[in-house]
Amino acid sequence: MPNPPVLYVFAISHFCEKARWALDYCNLDYHLVYPLPGIHIKVAKQLNVAGTSVPILSTADGAIQGSAAIVDWAFKYSKQHRAEHNTSPDRTNSLDTQATDADIQATVQRLEATVGAHTRRFYYSEALVHDSASVRRVFALHQSTANRMLLRLSWPLLRRMMIKGLDLGATQYRDSLNRLNDEVQWLDDLLSDGRQWLHNDRFSEADLTAASLLSPLVLPDEHPVYATLQVPQRIQRDLADWQERPGFRFVRRVYRDKRH
Ligand SMILES: N[C@@H](CCC(=O)N[C@@H](CS)C(=O)NCC(=O)O)C(=O)O
């Protein structure tokens with residue numbers, strides 16, 4: 001690739017992990033940039049995308065916002081590249097049908113709306129409200145000294161804005177925990193017939209989405225960031241019994257097998 005695309009991410013974000021994993025899985029060359037929270041809005045404006053959220057992938061043909069769109073781009077780009085260079089089908093082949101498979105798409109959309117949203121609300125309702133330094137430390141990763149200083153100064157305001165904007169609190173913590181319990185139960189049930197992958201007997205965007213969006217709760221060893229995450233004790237306690245659930249074991253296996 002002559003001009004490697006640039007992937008803008010928050011290190012702590014599970015949506016960003018999903019996009020990053022897809023690019024890694026397809027063996028694509030790219031630069032990672034970690035805008036500070038707040039500065040990311042300026043970046044989004046400069047890249048001329050509709051919303052403010054990351055991940056955003058800036059390519060030679062324009063910017064792509066949102067993890068699902070970036071996954072699509074990665075698989076299409078790598079397929080086209082293989083065709084142009086007459087390369088034999090590689091492992092991304094197993095994902096080629098993902099856009100046309102209704103079951104896979106339904107699972108991806110379900111997981112984004114439920115697990116994506118409630119993992120974040122659950123985690124931050126404890127971590128940002130009661131131990132916000134643990135969150136700030138992850139935002140400080142890969143930042144210059146000046147940016148770390150800026151983050152420290154702006155943190156009280158950012159924290160307040162995130163608590164309000166993401167609707168965080170004790171009731172929300174409980175509610176999201178219950179919603180996550182239902183979703184993990186749905187996964188446990190789906191996996192109860194012994195299937196290796198969620199759909200079609202092969203690794204697909206559904207597996208990648210389930211694993212990446214649950215990764216803040218499972219903390220797989222292969223995750224590029226979460227080894228440094230200091231999970232608040234209350235979350236550890238509340239999830240202690242979940243670690244051996246089929247859905248959580250599935251996430252660990254997908255990371256072990258597919259996140260190199
Ligand atoms: N559905 C979007 C969600 C992305 C998202 O919510 N990103 C958060 C970080 S986890 C963000 O950038 N929030 C700041 C903002 O929206 O300005 C995706 O899959 O990319």
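Order of appearance sets the numbers: ligands from 1, and atoms from 1 within every ligand. Source: prediction; values computed, not measured.
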* **Side chains of I235 and Y173 in contact at under 4.5 Å (non-hydrogen atoms)** => yes
* Asked: What class does the angle between the rings of W21 and Y255 fall in, given that below 30° is parallel, 30 to 60° is tilted and above 60° is perpendicular?
  -> tilted
* To do: Output every pair passing side chain to side chain donor-acceptor pair (under 3.5 Å) with a member in residues 124-141, not counting sequence neighbours, ordered by first then second residue.
  => E126-R234, S132-W155, R137-Q230
* NZ/NE/NH1/NH2 to OD/OE distance under 4.0 Å, D221 and R256 -> no
* To do: Give the protein residues with at least one non-hydrogen atom closer than 4.0 Å to an atom of ligand 1, ordered by chain and number.
  => F10, S13, F15, H40, T52, S53, V54, P55, G66, S67, R120
* Residue pair R259, D24: steps toward the salt bridge (charged side-chain N to carboxylate O under 4.0 Å, His left out) verdict -> CA-CA 8 Å; R259 186 77 173 104; D24 290 341; 2.7 Å; yes
* Thinking salt bridges, do E222 and R252 make one under a 4.0 Å N-O criterion? -> no
